[in-house]
Novice: 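The structure that follows is given in the form of structure tokens.
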Amino acid sequence: MITYEEKTHRLLLRTENTLYALKIGADGVLTSLYWGEDLPCAGDLPTDAELSRFCRHPYMSGRRIREEYPAFGGVCPLEPALKADLPDGVRDTELRYVSHEIDEEGRHLAVRMKDAYYGLFVRLDYRLYDGLDLIDKQATVENRCGAPVTVRKLSAGTVCLPENRSLRLSTMSSHWGREYDLQRETLTQKKYVVESRSLYANSDALPWFALDDGASEEHGEVWFGTLRWAGNHKITVEKTAIGLVSVTAGFNDFDFSYTLKDGETLSSPVFTVGYTKGGFGAASRMFHDFQRRYFAPRAWANKPLPIVYNAWAAMHFKITAKALLPQIDLAAKLGAELFVIDDGWFGNRDDDTSGLGDWYPNPQKFPEGLRPIAEKCHAAGMLFGVWIEPEMVSVDSDLYRAHPDWILGFPNREKEEFRHQLMLNVARDDVRDYMIACIDRLIGDNGLDYLKWDSNRFVSHPGWLGVPPEKQQEMWVRYIENMYAVFAFVRDKYPRVIVENCAAGGMRSELSLGAYCSRINRSDNQDPRDMLFLHEGFTQLHRSACAGGGCHIAKPQGGLNDRVSPLRFRAHAGMLGSLAVGFDLTKLSDDDFREIQGYLAFHKQIRETVQCGDLYRLVSPRETAGEYCVYEFVSRDKKEAVLFVFGVNISFYHAFPRVKLLGLLPDAVYEAAGETPRTGKALASLGVEINPLVGDYDSRVLVFRAK
Ligand code: DGJ
């Protein structure tokens, strides 16, 4: 509920358990008063008498602190949320409260601010969600100055945390094949920047943070958030000399410039922030609920995803209709439910250096097109889908020959190919429309049920050919907005089509694309041991259900870890998310085939709980130095729990501590094969034994069902 206290000029945003309080000062400055556990008594907040001390820097005279939306101006040593060049060259902004509006349901607040002198307006939007301790923040800047204004920085907003704490910062910074690597450090007096400059909200710095005060997985205070933006982002966490900790998130100001003509507006991405006393586990579950209930594509948000068969791991670019057709009946017999054709089906040459952009079936490889394959899959009872990389173009393609100006680049500079590909300038509306037309035709002509949207290179030479200098850098924003428009087209016209967000694995694995994509290629690294680590980071933000990829049960992928591990371990690790098989099925032995068939059948029994239930990361692989880990999933009605126990490499003799289950009904009695029936309460306090775990790649899955 959002309310306004007339007497105190305070705006109070109350979620299920938290309070976010703002004060409109007599001078019109908007101050952040508080963010944390709900304080039911209004008198608990800083009083007016305290306020001048509370929001003024103690020794930097004139400097305000705790501004809800600090613009570049005045004494400005802190990170600004907004910077604009005004028509007469003034670069200083002084925002003052104008008005606010709260919707009837008390879930949306819009605060209108204006520069003290110029016609520069900012609207701050806040949105609350039923049953969740999350707040969306977004800022929109509007030019009413009568002449162009250049925006140099635009953030969704800033959040201020309680002072003088030894807060610890968690981020996920890593690289291809090792996405979602959790890193934790105690804040000292400095700025921490989590940013992307590659046009991808990439795994080098996922747009996510958590700040905690000694929290553990299931206990303690955590302030957390994510910027929902697939492009260049910047999250700045700052601890000042006086111990004030704030977080500002928005478009990256690196190479940023966006000119607004009189009357034009620009909106920042949405910054979703939350607070919990339930540790990192509760913070993650809140994000998972958020996706499931509010913005994941509706058709699959509360439904288990089909088991994928994808021959990429087995065949790479060597796919042909001849090689794939025999796999179809075998995949269906194995228990797969979605047959996927990956990279290499398009263009007209037999290699991987050409044809991107020409989204027609390769006549040598697929002489009759994709339709017969789609029909065969459907006849076998499976869904059918293909891979596409719509943002890219090969130099050797009809598309590039027809539109050499459609790429990103600078005149008089090299056209830099990576993986034999250039990037299309998706900021152009004609490129967006071309992408829509290709995808529409591809889905329509072939009755696709699934689309794997891949993207395998970062930007270089980010120029927009043919537009004037002042428009050049708008590319950073317009590219992503046009890309969203293509995703939105697919979601709205084909709501049942499952879209997988893939960018060389998980290189663009952020939350905004979760509004269009039901699955994410968590990582190209599908080594089952590494997957256990990846999943811990992945699920800080994403639902387990989304953890996709092409080949959990497959031969090891060359170029990544080539560890050999038992089928059973690979299958169990794959079952933590949305399972996929990637063997050449014509070459599997009968025994292996039957074994995998068994895993797929078992996965179908438990996947509703795994994919739609609540996740508890009971034992982290990081905390046991990779020796073992335990994940638990609890169904929404709490009547079923699935416990995954992975012994990765057990050294010496170990008596493992019993594992305490969480999230169960205390009084219900749960049964599991080989276990003594126990109440939820007993399973939470006494736990279950996970001995013996022995040797390398030991794994087991226990299913507890309430009687
Ligand atoms: C990268 C993806 O992550 C892989 O799964 C595969 O689709 C390749 N691209 C194809 O080029």
Side-chain angles (χ1 to χ4, degrees), residues 174-180 198 200-204 230 305 308-320 323-324 338-347 349-359 362 365 384-394 396-397 417-423 442 448 450-458 498-510 513 517 519-528 530-531 534 538 542 546-561 570 574 577-584:
S174 49
H175 51 80
W176 177 78
R178 192 185 182 168
E179 296 86 347
Y180 329 103
S198 63
Y200 282 27
N202 66 58
S203 60
D204 289 5
L305 288 165
V308 169
Y309 175 79
N310 182 336
W312 171 252
M315 303 181 190
H316 281 172
F317 295 96
K318 299 275 171 245
I319 46 164
T320 57
L324 288 177
L338 164 59
F339 191 90
V340 175
I341 297 188
D342 213 283
D343 198 351
W345 60 268
F346 51 89
R349 288 226 320 250
D350 185 22
D351 61 19
D352 57 341
T353 64
S354 65
L356 289 167
D358 300 342
W359 300 113
N362 181 308
K365 295 178 172 185
F384 172 66
V386 299
W387 174 101
I388 187 171
E389 197 176 7
E391 298 157 77
M392 304 296 160
V393 64
S394 307
D396 183 4
S397 68
E417 288 181 54
F418 285 124
R419 226 179 170 247
H420 311 293
Q421 58 199 60
L422 298 169
M423 279 182 94
L442 193 61
L448 297 190
Y450 161 98
L451 197 68
K452 176 172 174 181
W453 180 310
D454 201 353
S455 200
N456 283 296
R457 64 160 287 180
F458 290 151
I498 299 167
V499 181
E500 177 152 356
N501 163 11
C502 173
M507 298 297 277
R508 192 163 55 190
S509 176
E510 54 69 61
L513 289 174
C517 303
R519 209 168 185 265
I520 300 170
N521 186 350
R522 180 181 41 202
S523 174
D524 274 342
N525 185 349
Q526 305 205 13
D527 171 84
D530 291 355
M531 256 197 260
L534 294 166
F538 181 85
H542 300 295
C546 299
C551 50
H552 306 128
I553 310 181
K555 70 178 170 63
Q557 282 283 279
L560 282 160
N561 282 329
R570 297 187 80 87
S578 157
L579 187 61
V581 183
F583 277 112
D584 178 345

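One-based numbering, in listed order, for ligands and for the atoms of each.
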Novice: Classify the ring geometry between Trp359 and Trp345 as parallel (under 30°), tilted (30 to 60°) or perpendicular (over 60°).
Specialist: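 Tilted: the ring planes of Trp359 and Trp345 meet at 30° to 60°.
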Novice: Return the orientation label for the Trp387 and Phe346 ring planes: parallel under 30°, perpendicular over 60°, tilted otherwise.
Specialist: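 Ring orientation, 0 to 90° scale: parallel.
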Novice: Tell me the nearest of Asn310, Asp343, Asp342 to atom 6 (C) of ligand 1, using heavy-atom distances.
Specialist: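 That would be Asp342.
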Novice: Looking at side-chain heavy atoms only, is the closest gap between Asn521 and Gln526 below 4.5 Å?
Specialist: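 Yes, side chains in contact.
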Novice: So which bit of Asn456 gets within less than 4.0 Å of ligand 1, heavy atoms only: side chain, backbone, both or neither?
Specialist: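 Under 4.0 Å from ligand 1, Asn456 contributes side-chain atoms alone.
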Novice: Taking Asp454 for its side chain and Ala504 for its backbone only, find out whether a donor-acceptor pair lies under 3.5 Å.
Specialist: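 Yes; judged by distance alone, with no hydrogens or angles, the pair exists.
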Novice: Does Cys502 reach ligand 1, in the sense of a heavy atom lying below 4.0 Å from it?
Specialist: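 Within the 4.0 Å threshold, so yes.
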Novice: Under 4.0 Å, counting heavy atoms only: does Arg419 come that close to any atom of ligand 1?
Specialist: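 Judged by the 4.0 Å heavy-atom criterion, Arg419 does count as contacting ligand 1.
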Novice: Between Arg519 and Glu500, is the salt bridge (Lys or Arg N to Asp or Glu O under 4.0 Å) condition met? List the steps.
Specialist: CA-CA 4 Å; Arg519 209 168 185 265; Glu500 177 152 356; 2.5 Å; yes
Novice: Write out the residue and atom name of the closest protein heavy atom to atom 3 (O) of ligand 1, then the distance separating them to 0.1 Å.
Specialist: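 That would be Asp524 OD1, 2.4 Å.
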Novice: Could you tell me whether the side chains of Glu389 and Asn456 share a donor-acceptor contact shorter than 3.5 Å?
Specialist: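 The criterion, which ignores hydrogens and geometry beyond distance, is satisfied for Asn456 and Glu389.
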Novice: Counting each atom of ligand 1 from 1 as listed, which ones have a heavy atom of Ala504 under 4.0 Å away?
Specialist: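 Taking each heavy atom of Ala504 in turn, ligand 1 has 1 (C), 3 (O) under 4.0 Å.
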Novice: In terms of residue, atom name and distance, what is the protein heavy atom nearest to atom 9 (N) of ligand 1?
Specialist: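 Protein heavy atom at minimum distance: Asp454 OD2, 2.6 Å.
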Novice: Please list, in number order, the atoms of ligand 1 under 4.0 Å from a heavy atom of Lys452.
Specialist: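 It comes down to these atoms of ligand 1: 4 (C), 5 (O), 6 (C), 7 (O).
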